[in-house]
Amino acid sequence: MGLRRCWAALALLACSSYCYSEEVFGTTQNAASTGLNWVMTEVLPQQAGLTVNSVIYRYTSVKQTEDDMLVHVQNQNAEAPGFIFRETDDWSGLPGNTINKAIPVANIPIQLWGDGSIEVEGKGEVTNASVLYSFQFDPCFDPQSNPSCPGYVDPFEMLMSEISVKDPLDDDLLQAELRRKSNLDAQEEDEEERQRRRMKSDDKGDDDRLEAIMGIVNTSLLATEAAAKHAELAALNSIPQTYFAVIPDTKYEETVVLKDGRLPENKRARRVGFAQQLLHEKMVSSQYEK
Amino acid sequence: MFKKSLAVAAATLIGMNAIAEDVTITGTVASKCVITTDTVGIYGNPTPSELSTAPADGGVLPIVRYDVLQANFYKARITYPESFSESPALSDVVTWTGDVTVAEVTDAGMSAYDNSKVEFNNVTEVDLTIAGSTWFQVESTADYGVTKAFPAGTYRAIVSADCIAL
């Protein structure tokens, strides 16, 4: 069982190292195919994490043996003044020939490689030039470049994780202030409630007393006013005399008695009711007839 | 007491003789001069009586490369052919000419080998004074008789390249 687990772990390790850690090596086309000056962005593949590990060049110098001639194969430094790569061949006092060189460089990142050229200093000419750059890169240098790369994060998830909603109410100072205000409000409400209760109890007593006083006053005022009004109306003689007549205090007893204690149905009324119902239904139906 | 000490010393000497052993030292020397055939030559036949490796004659120059890891330790000795290793039966004399020149270098200074080379008979010797690779091309021409046509068949000749320690 343990041995099987060990094999599985080894297989997984081998797979992961093969699948994800494989460096890609390559060589560019001849940079000097169209001339002795070239633009590196058109020569090197624009791959993140790419590094150049060697420059291989070849050219033929055409010159008289006695002439002085220097040939520089070079690349400018894209991020600083000067050159990131420069190899000089001194042909001074030598017959021309074809030179074939491979110069290793210390894995210089792509962003440092500026435009390249072959520069001739002195008398002579360079022909049949060829400049190749040997490079390597990790396809998973940017894990987001491929979903199979380790460390790849779904862009949508990444976007969601980057958007952090900041609730201004989460601020500690604000929270403290809110708590303080809430406490104050509660205290004020309690105080108001207490005052309201106190005032309510006070008002009730006052109201009762006031109502009693007002009742006494109103009664007396109304009585006085009614007496004055009555005297005035009586003086005008506009009130009929019957108004002043006294109704005898007589009790009228019930004299009608239902003999058999049973109230028979009114059949006629029933018929009339039925006829009215029929007429009603007829009228209702008639409004749906065309 | 003295006798006893002598006896102990004698025993020690006897014991030392008994455990003596020869120790071997082994070392391997790899040559720092490597010769590689870069291009196999082909004879062109510009006229019936001539075989030539010159491109102008329809031939291909054989090229041999010397890789020297350490300067000033070796010299190149290249011999152009003076006989066919394989050919139809020839009834007349073949006149051989040839030349060895530097074709390519990995250092501009190597182009001076053309000036410093030593030639005798069909042999060219060059002191390899600069570390690196040097390509030598060999030109070989064979003229048969006095403008006599070569018999039909296959002709082979051998260029010999040696690296000789100085």
Do other residues, nucleotides or ligands put more than 12 heavy atoms under 6.0 Å from the [atom1] atom of [X]?
| X | atom1 | value |
| --- | --- | --- |
| B/I158 | CD1 | no |
| A/F83 | CZ | yes |
| A/N183 | CG | yes |

A/L94 vs B/N115 side-chain heavy atoms within contact, under 4.5 Å: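 Not touching, per the 4.5 Å side-chain cut-off.
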
Highest number of heavy-atom pairs under 4.5 Å with chain B: which of A/T65, A/N97, A/T60? A/N97

Chain A neighbours within residues 116-155 of chain B, where any heavy atom lies under 4.5 Å away: B/W135

Mind checking which of residues 74-110 of chain B sit less than 4.5 Å from chain A, heavy atom to heavy atom?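 So the qualifying residues are B/V102, B/A103, B/E104, B/V105, B/T106, B/D107, B/A108, B/G109.
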
Sort by residue number and list every residue of residues 98-106 of chain A having at least one heavy atom under 4.5 Å from chain B.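 When heavy atoms of chain B are the reference, residues 98-106 of chain A contributes A/T98, A/I99, A/N100, A/K101 within the under-4.5 Å range.
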
Using modelled atom types only, decide if a donor and an acceptor are shared between the side chain of B/S111 and the backbone of A/G96 within a distance under 3.5 Å. no

Considering only residues two or more places apart or on different chains, which pairs with a residue in residues 27-60 of chain B satisfy ring pair (Phe, Tyr, Trp, His ring centres under 6.0 Å)? none

